Each structure stands twice: as C-alpha cells, then as structure tokens.
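Worksheet: the structure to be examined is printed underneath.
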Amino acid sequence: MPRAVDRPNIIVVVFDTARADAFEPHGAPAGSTPMFAQLASSGALHRKAIAPCNWTMPSHVSMFSGLLPRTAGLSMLPHGERANCRIVMEAHRDRWLPVVLGRAGYHTAAATTNAWVSNQIGFDLGFDEFRNLVGKRVNRMADPSLKASFRWYAHAFLARVDNGLSVVERRMNDWISQTPRPFFWFVNLIECHSPYLPPRPYNDLGPLRRLLAGRDARRYQTLEGVWKACATETPPPRPSLERMRRLYDRSIRMMDDWLARLCERLDAAGLLDDTLLVVTSDHGENFGEGHLFGHAVSLDDRLLHVPLVFAGPGAAQAPEGVSSLAALPAYIARAVGLDDHPWSDPDEGIAVAQYDLTPSPDDPRLAMIRQWRPTDEGYRRFAYAGTAATDGRYKLVTLGDAERLYDVEADPHEIAPMRADAGPADVVERLRRALSRSGETEWTPDVEALRAAGPEQPEPSPDEVKELEDRMRLLGYL
C-alpha cells in the first residue's frame with residue numbers, strides 16, 4: 001500500500017453545465033477544446049459518462065459521496081430548506097470524498113464559483129481550505145428597474161468580466177507555490193452556465209449582438225423563462241438560441257484555455273507528472289433539442305452525457321460502456337491506490353440518473369405552470385419524479401407511472417419514445433433491474449433527528465444569505 005507521501009496529487013475540475021458534445025472528442029469541431037482533446041489523447045477518456053442528476057447540487061453530492069441523489073437523501077432540498085443540505089451531508093461524512101482523502105494524508109482545498117456548491121450549502125465538509133470565489137458579474141438580471149436594466153445592458157455591451165474564472169486562477173497560482181503534498185484540489189467553474197456572457201475576446205459578437213445577448217438573458221434565462229419554455233415545449237426563437245449556443249461554446253473554450261494555463265504552471269512547478277487530473281461536468285444544457293431549454297426539467301441526453309477524462313498517474317484505461325459520475329470517488333481511489341475506502345466498485349454497464357422538481361401534487365408551483373397552458377408532456381416533467389437507466393444506447397425513463405424507452409442512436413433527440421416491449425428484451429430487463437435497485441436504496445432523511453444527533457450547525461449571516469440568493473437569481477434558480 002503506497003504511503004500518503006508517495007501518492008499522486010489529485011485535481012478535480014468541474015466545468016459546470018458543460019455538455020459532452022461541446023468537446024472535441026465528442027464531436028465538437030477541431031480547435032473547440034484543444035487542451036481537453038490533448039488530455040483525452042494521453043489519458044483515459046470516458047466516452048459515455050452519465051451525470052446522476054440534471055442540476056448542480058444533487059450531481060455534486062453524488063460526485064462527493066458515491067451515492068445516487070435519492071440514496072443520499074439529496075435529490076432536492078430537504079424540507080425545501082437550503083440549510084438542511086449540510087445536516088444531511090454530515091450523515092455521509094464517512095464516505096465524503098474530501099474527508100476520506102484527508103484521512104489518507106491529503107491536504108484538501110476547494111475553489112468554487114457556483115452558489116449551489118458553496119460552504120453555505122455544506123460543501124466545505126472535509127476541506128482544509130474552502131473558497132467561494134465569485135466574479136464581478138452583475139446580479140440584477142431580472143430586476144425590472146431602469147437603473148438595474150442600464151447596468152445589465154452596459155455589462156453585456158462592454159463584455160469585460162468573467163464569472164469568477166480569473167479569481168480562481170489567482171488562488172490556484174497561490175496553491176501551486178504553497179500547498180503541502182499530496183494535495184486534493186476541487187474546482188468548479190461556472191463560465192458556461194447561463195447567463196451566457198463571456199468577456200471579450202471570447203465573446204466575439206459585435207456590439208449590437210452583445211446587447212441582444214443581454215436581452216436574451218433577461219427574457220429567457222430566468223427560472224420562469226426556462227420553466228415556461230419546457231412546460232409549453234416552446235424554446236426561445238432560433239436567432240436567440242444560436243447566439244446563446246455561440247457564447248456557450250466560447251465560454252467552454254475560455255475554460256479550456258484556463259485548463260491549459262493550469263497544466264503549464266503545474267509543469268513549471270514540477271507537479272504535473274505527479275498529479276492525477278480529472279476534468280468533467282455536473283450536467284449539460286439544452287438549446288432547443290426535443291423542445292427543451294436550460295436544464296433540470298428532463299433526463300435528456302444533452303443534460304446527462306457529460307465529459308470525463310483522467311490524465312496523469314493512475315489514469316487507467318476507461319471502460320467501454322457507460323460511466324456514472326456517482327462512481328467518481330471509486331475511480332479516484334483506484335487511480336491513487338487507496339484501498340481503505342467506503343465506495344463500491346462501479347457498475348460500468350448501466351448508469352442511473354434521477355431528478356425531482358416538486359415534492360407533492362399540491363406544490364403551489366404547479367398552479368403557476370398550469371396557467372401557462374403546458375403540453376401534457378411538459379406538465380408531467382414538473383409533476384412527477386423522473387428516473388432513467390441507460391446502457392449508452394438504450395435509455396429507459398420512468399416519469400411517474402409512465403415508462404418510455406429511447407434508442408438514443410436512432411432517435412438522438414429523444415423525440416419518439418418506444419414501448420418498452422418493442423426494445424431488446426434482455427436490455428430492457430437489465431435497465432428495469434437497475435431502476436428497481438436504485439429505488440430500493442432511496443432514503444428520505446429525518447432532518448430533525450439528524451439535527452438533534454449531529455454537531456451544531458452554523459447559522460449564515462444575513463449578508464451571506466443575501467449573497468447566496470443574489471447568485472442564485474443570476475443563475476436563474478430564483
């Protein structure tokens with residue numbers, strides 16, 4: 001068994017909201033993501049990596065715990081309160097990735113630009129150092145006041161600021177020179193999350209189109225805008241979608257260039273050859289495919305299929321079949337030779353994804369959605385829990401008591417579901433068994449009992465609550 005000092009460093013980078021087909025190895029044009037492509041050619045590319053959920057918080061819980069969102073009790077906010085997330089995370093302390101690595105001798109540090117992956121949610125659990133590093137992007141996207149509108153459009157027109165990437169870069173430069181070895185670093189970059197407004201030169205639209213991109217954000221990328229588009233199956237008009245997708249791709253290129261600079265600095269410091277680098281995403285994004293927009297409202301492959309590459313020491317051959325991000329802790333433990341860990345060997349034949357939007361049929365948000373005159377399918381996405389099992393080609397989706405089978409090779413946009421008995425019987429049976437097993441492990445945490453049994457939880461200050469809510473409004477979650 002390797003001593004801690006002999007184990008490789010670990011860096012996990014999450015390009016938040018980055019779908020797989022925005023990367024060269026998954027079909028993007030040459031030059032879209034040259035650094036990721038280089039890592040894929042020299043390391044282990046997981047060609048069909050599946051996110052366990054379609055939005056940030058549950059997917060990160062799976063990446064840190066090795067559990068599916070409902071098994072962890074965190075497919076949604078427990079009892080509807082953000083503060084309860086930390087209490088439930090504490091219940092998984094013994095299997096939480098930074099905790100386990102810390103016990104194995106790693107110095108652990110995190111830098112995140114996403115409000116859903118913050119210490120206010122509870123994601124600082126197990127980290128020696130945890131930094132919420134927020135950029136200077138204007139937070140008043142949905143504010144209708146004249147002053148807020150002026151500031152927003154000036155921000156869109158000037159295109160000068162990123163969404164935290166430059167702040168993270170400065171912090172990581174400090175870590176490179178100061179952090180004890182071996183280290184585990186976790187980084188979340190949110191540059192390609194809506195609103196899609198990267199700074200120049202990555203924002204290569206002209207002045208008028210930059211203003212239109214700012215209008216697109218205010219009109220379509222709020223929570224109400226995304227939900228209404230998905231409920232009525234009426235995504236934004238094609239010119240707006242084309243602007244959004246252009247800036248989304250350019251934001252991913254900006255993160256890829258950041259990744260190249262990180263590798264150069266690690267190499268200059270003599271650390272690159274001793275560092276396992278993992279680059280992935282937590283979920284993807286829809287731009288009109290299947291009449292869907294944004295994320296968190298379906299289990300479409302644009303949301304579930306994410307990039308995943310391992311490069312450096314321990315980056316073994318990637319599996320031929322699907323890989324679940326819930327298996328990320330087990331993959332990392334295997335790569336660095338960590339035998340004493342709580343995670344099971346990954347099932348690389350089938351991956352399961354889950355999402356829950358509303359806790360009950362009387363959720364008041366459903367009344368709002370009914371006022372939009374949703375399609376039957378659009379309404380079902382909000383009213384019922386969704387679960388999917390996929391082997392990479394066939395995907396079996398349950399939405400409430402309805403069961404649909406998709407052949408994602410023949411029907412890549414998942415427009416025409418088949419009856420389950422129309423698919424290969426052996427495949428369908430395996431997918432059903434995977435769904436059944438995942439259902440048997442679901443857990444509804446007793447938050448009050450956990451609170452009474454666990455350590456006292458810190459209360460966020462009013463300023464911290466306001467900052468969190470401002471960031472969530474900017475990201476379209478409030």
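Note: hydrogens, waters and symmetry copies are ignored here, and every other heavy atom, side chains too, is used. What you see is a predicted model; the values in this text were computed from it and never measured.
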Please step through ring pair (Phe, Tyr, Trp, His ring centres under 6.0 Å) for the pair Phe287 and Tyr248, ending with a clear verdict.
CA-CA 10 Å; Phe287 289 96; Tyr248 175 87; 4.9 Å; yes
Start with the C-alpha gap between Gln354 and Ser75, add the side-chain angles, then the distance that decides, and say whether side-chain hydrogen bond (donor to acceptor under 3.5 Å, both in side chains) holds.
CA-CA 7 Å; Gln354 306 166 331; Ser75 61; over 6 Å; no
Evaluate Thr275 against Phe183 for side-chain contact (heavy atoms from CB on, under 4.5 Å), listing each step before the verdict.
CA-CA 9 Å; Thr275 298; Phe183 57 72; 4.2 Å; yes
The test is side-chain hydrogen bond (donor to acceptor under 3.5 Å, both in side chains); show your working for Ser240 and Asp216 and say whether it passes.
CA-CA 6 Å; Ser240 294; Asp216 293 338; 2.9 Å; yes
Step by step, would you call Trp116 with Trp55 a ring pair (Phe, Tyr, Trp, His ring centres under 6.0 Å)?
CA-CA 10 Å; Trp116 280 116; Trp55 69 285; 5.0 Å; yes
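Around atom CG of Asp376, no more than 12 heavy atoms belonging to other residues, nucleotides or ligands sit under 6.0 Å away. Within 6.0 Å of atom OH in Tyr384, 12 or fewer heavy atoms from other residues, nucleotides or ligands are found, so the atom counts as exposed in its surroundings. A 6.0 Å sphere centred on CZ of Arg261 holds more than 12 heavy atoms belonging to other residues, nucleotides or ligands.
Panel note: side chain Ser59, backbone Thr56; no donor-acceptor pair is recorded below 3.5 Å. The closest donor-acceptor contact from the side chain of Arg404 to the backbone of Ala416 lies at 3.5 Å or more, if one exists at all. Between the Thr280 side chain and the Val14 main chain, no donor and acceptor come within less than 3.5 Å of each other. Although no hydrogens or angles enter the test, the distance criterion places a donor-acceptor pair under 3.5 Å between the side chain of Ser281 and the main chain of Ala18. The backbone N or O of Ile350 sits nowhere less than 3.5 Å from a side-chain atom of Ser324 that would complete a donor-acceptor pair. Although no hydrogens or angles enter the test, the distance criterion places no donor-acceptor pair under 3.5 Å between the side chain of Thr398 and the main chain of Ala402. A donor-acceptor pair under 3.5 Å links the side-chain atoms of Asp256 to the main chain of Phe36, judged by distance alone. At least one donor-acceptor pair closer than 3.5 Å links the side chain of Asp282 to the backbone N or O of Thr17. A donor-acceptor pair under 3.5 Å is absent between the side-chain atoms of Arg302 and the main chain of Gly288, judged by distance alone. When atom types are taken as modelled, the side chain of Arg243 and the backbone of Arg238 share no donor-acceptor pair closer than 3.5 angstrom.
Distance CG/Asn119 to CG/Asn132: 4.0 Å, rounded to 0.5 Å. Taking CG from Leu277 and OG from Ser42, the interatomic distance works out to 9.5 Å, rounded to the nearest 0.5 Å. Separating the CG atom in Asn54 from the CZ atom in Arg381 is a distance of 11.5 Å, to the nearest 0.5 Å. Expressed to the nearest 0.5 Å, how far CG of Leu68 lies from CG of Leu74 amounts to 12.5 Å. Expressed to the nearest 0.5 Å, how far CG of Leu205 lies from CG of Leu212 amounts to 9.0 Å.
Looking only at atom types and distance, the side chain of Trp258 has no donor-acceptor partner in the side chain of Glu191 under 3.5 Å away. Between the side chains of Asp143 and Ser145, a donor-acceptor pair is found at a separation under 3.5 Å. For the 3.5 Å distance criterion, the side chains of Arg471 and Asn163 qualify, holding a donor opposite an acceptor. Between the side chains of Tyr406 and Asp301, not a single donor N or O lies within less than 3.5 Å of an accepting N or O. No side-chain N or O of Asn114 forms a donor-acceptor pair with one of His60 less than 3.5 Å apart.
With sequence neighbours excluded, the residues satisfying side chain to side chain donor-acceptor pair (under 3.5 Å) with Arg365 are Asp363. His193 is linked by a ring-ring contact (aromatic ring centres under 6.0 Å, His included) to His295, Tyr477, counting only residues two or more places apart in sequence or in another chain.
Using cut-offs of 30° and 60° on the angle between ring planes, the pair Phe64 and Phe186 is perpendicular. Ring planes of Phe123 and Trp96: tilted class, angle from 30 to 60°. Ring geometry for Trp152 versus His155: interplanar angle of 30 to 60°, hence tilted.
Minimum heavy-atom separation, Ala229 to Pro235: CB-CA, 4.1 Å. In terms of heavy-atom proximity, Ala159 sits nearest to Arg210 at CB-CD, 3.8 Å. Minimum heavy-atom separation, Ile369 to Ala231: CG2-CB, 3.9 Å. In terms of heavy-atom proximity, Pro329 sits nearest to Gly66 at CG-N, 3.8 Å. Leu299 and Glu414 make their closest contact through O-OE1, 4.1 Å (heavy atoms, listed as atom of the first residue, atom of the second, distance). Closest non-hydrogen pair, Phe127 versus Thr108, comes out as CA-OG1, 3.2 Å.
With Tyr196 as the fixed residue, the side chain to side chain donor-acceptor pair (under 3.5 Å) test singles out one of Glu285, Arg250, Arg245: Glu285. Among Glu289, His283, His305, the single residue meeting the side chain to side chain donor-acceptor pair (under 3.5 Å) criterion with Arg19 is Glu289.
Between Ser166 and Arg170, some side-chain heavy-atom pair lies under the 4.5 Å cut-off. For the pair Arg265/Met172, no side-chain contact is recorded, criterion being any heavy-atom separation below 4.5 Å from C-beta on.
Ionic pairing of Asp257 and Arg253 is present here: one or more N-O contacts between side-chain nitrogen and carboxylate oxygen are shorter than 4.0 angstrom. Look at Asp124 and Arg86 and you find a salt bridge, because one of the NZ, NE, NH1 or NH2 atoms lies within 4.0 Å of a carboxylate O, short of that distance. A salt bridge between Glu242 and Arg209 is absent, with no side-chain N of the basic residue lying under 4.0 Å from a carboxylate O of the acidic one.
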